[in-house]
Amino acid sequence: MALNQPARRASQRVSYVFLCASPFVAIATVAPIPGLRASVLHQVIGIVDFAAIAIAIWMLAGRAFVAQASETRLAAIAGMLLVLPFGLIGLLWVGLGPPWEASPADNQMRYVVLITAAAAVVGGCVALKETLFMAGERFYSTLGFAGMILAGPLYLVGEIILLAVFSAVVRTGEAPPVFRSLSEMQDILLFFAGVLTYASTAAFAVSLRNVGWLGRGASHSFVGLSLIALICLLMRGLQFPDPAALTSPWFTIPG
């Protein structure tokens with residue numbers, strides 16, 4: 001048993017590093033490809049990526065899922081749910097380019113994945129809040145929880161509208177007029193969902209630092225990036241600009 005312990009610790013360390021890198025791995029894998037599941041090779045890469053994430057989660061937290069302590073199980077569930085969106089992006093090969101450059105079928109899958117990911121993130125934050133509450137950090141974890149409970153439904157409704165639009169386009173070739181009239185409302189929903197999500201992320205980062213689960217430098221990085229993203233979103237305002245009317249590339253527009 002003693003001989004296996006160093007190997008187990010090494011595998012957990014590798015799994016931890018891989019899970020920390022998994023968002024960047026998923027983005028680097030998918031970003032260059034504009035479409036979904038562009039070839040059999042891409043599908044194989046997606047399956048391997050998803051399987052690697054699943055194995056890393058099990059290697060790192062397999063025992064935690066069956067632990068007696070509720071705090072330990074909730075921490076493992078929170079981590080799994082918060083990593084899941086990037087596993088789905090890799091598995092289903094959802095392009096990270098702008099929706100207006102993708103086909104209706106691609107966008108239909110895009111928003112199915114985004115809705116699933118949003119539900120997973122909200123569930124992960126609920127579990128994380130309970131874990132932090134048990135660890136004694138109640139102020140910032142409650143702020144983060146309150147923000148995500150409000151952001152989740154706003155984001156889900158906004159993305160469901162977009163899924164309905166592209167599902168209709170796939171079936172009939174055009175979006176019904178009723179969905180066009182909802183465009184402005186959808187922009188407002190996603191604006192406030194984004195604001196609340198960035199604020200909640202900053203609050204959770206402070207909470208994780210206070211219980212010693214996140215280093216000071218990492219916590220400051222999360223808070224800083226969240227504030228920068230929040231400022232960019234506020235600079236953009238409530239309405240997303242029409243890409244066809246832009247005189248500069250879309251990625252240069254804040255927010």
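A quick note: this is a predicted structure, and the numbers were derived from the prediction, not measured.
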In the single-linkage hydrophobic clustering (I, L, V, M, F, W, Y; side-chain heavy atoms under 4.5 Å), do [X] and [Y] co-cluster?
| X | Y | result |
| --- | --- | --- |
| Leu196 | Leu234 | yes |
| Phe192 | Val122 | no |
| Trp213 | Ile77 | no |
| Leu190 | Ile115 | yes |
| Val165 | Met185 | yes |

Does Thr201 reach the main-chain N or O of Thr197 with its side chain, forming a donor-acceptor pair under 3.5 Å?
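Answer holds: yes.
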
Ser219 side chain to Ala205 backbone, donor-acceptor under 3.5 Å:
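Here the side-chain-to-backbone pair exists.
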
side-chain contact (heavy atoms from CB on, under 4.5 Å) with Asp49: which of Val25, Ile89, Val44, Leu91?
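For Asp49, the side-chain contact (heavy atoms from CB on, under 4.5 Å) test succeeds with only one of Val25, Ile89, Val44, Leu91, which is Val25.
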
Closest contact, heavy atoms only, [X] versus [Y]:
| X | Y | result |
| --- | --- | --- |
| Thr142 | Lys129 | OG1-CE, 4.4 Å |
| Leu154 | Ala193 | CB-CB, 3.9 Å |
| Phe50 | Gly87 | CD1-O, 3.3 Å |
| Ala117 | Pro85 | CB-CB, 3.6 Å |
| Asn107 | Arg110 | OD1-NE, 2.8 Å |
| Ala75 | Thr131 | N-OG1, 3.4 Å |

How far does [atom1] of [X] sit from [atom2] of [Y], to the nearest 0.5 angstrom?
| X | Y | atom1 | atom2 | answer |
| --- | --- | --- | --- | --- |
| Leu128 | Met148 | CG | CE | 10.5 Å |
| Arg216 | Ser221 | CZ | OG | 12.5 Å |
| Ile57 | Met59 | CD1 | CE | 13.0 Å |
| Glu137 | Arg209 | CD | CZ | 9.5 Å |
| Tyr198 | Leu230 | OH | CG | 8.5 Å |
| Leu163 | Leu156 | CG | CG | 11.5 Å |

Test: ring pair (Phe, Tyr, Trp, His ring centres under 6.0 Å). Region: residues 125-170. Which pairs qualify, not counting sequence neighbours?
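The answer is Tyr111-Phe166.
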
Using the rule given for side chain to side chain contact (heavy atoms under 4.5 Å, CB included), can you reason through Leu208 versus Ser141, listing the C-alpha separation, both sets of side-chain angles and the distance that settles it, and then say yes or no?
CA-CA 8 Å; Leu208 287 165; Ser141 61; over 6 Å; no

What I'd like to find out is whether the side chain of Leu84 reaches to under 4.5 Å of the side chain of Ile53, using heavy atoms alone.
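No, their side chains stay 4.5 Å or more apart.
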
Side chain to side chain contact (heavy atoms under 4.5 Å, CB included) for Val121 and Leu81? Distances and angles first, verdict last.
CA-CA 6 Å; Val121 168; Leu81 290 174; over 6 Å; no

Side-chain donor-acceptor distances from residues 13-23 under 3.5 Å, at least two apart:
{"unit_1": "Ser15", "atom_1": "OG", "unit_2": "Ser11", "atom_2": "O", "d": "2.8"}
{"unit_1": "Ser22", "atom_1": "OG", "unit_2": "Leu19", "atom_2": "O", "d": "2.7"}

For the pair Trp58 and Phe65, evaluate side chain to side chain contact (heavy atoms under 4.5 Å, CB included) and give the outcome as yes or no after the intermediate values.
CA-CA 9 Å; Trp58 182 254; Phe65 286 113; 4.3 Å; yes

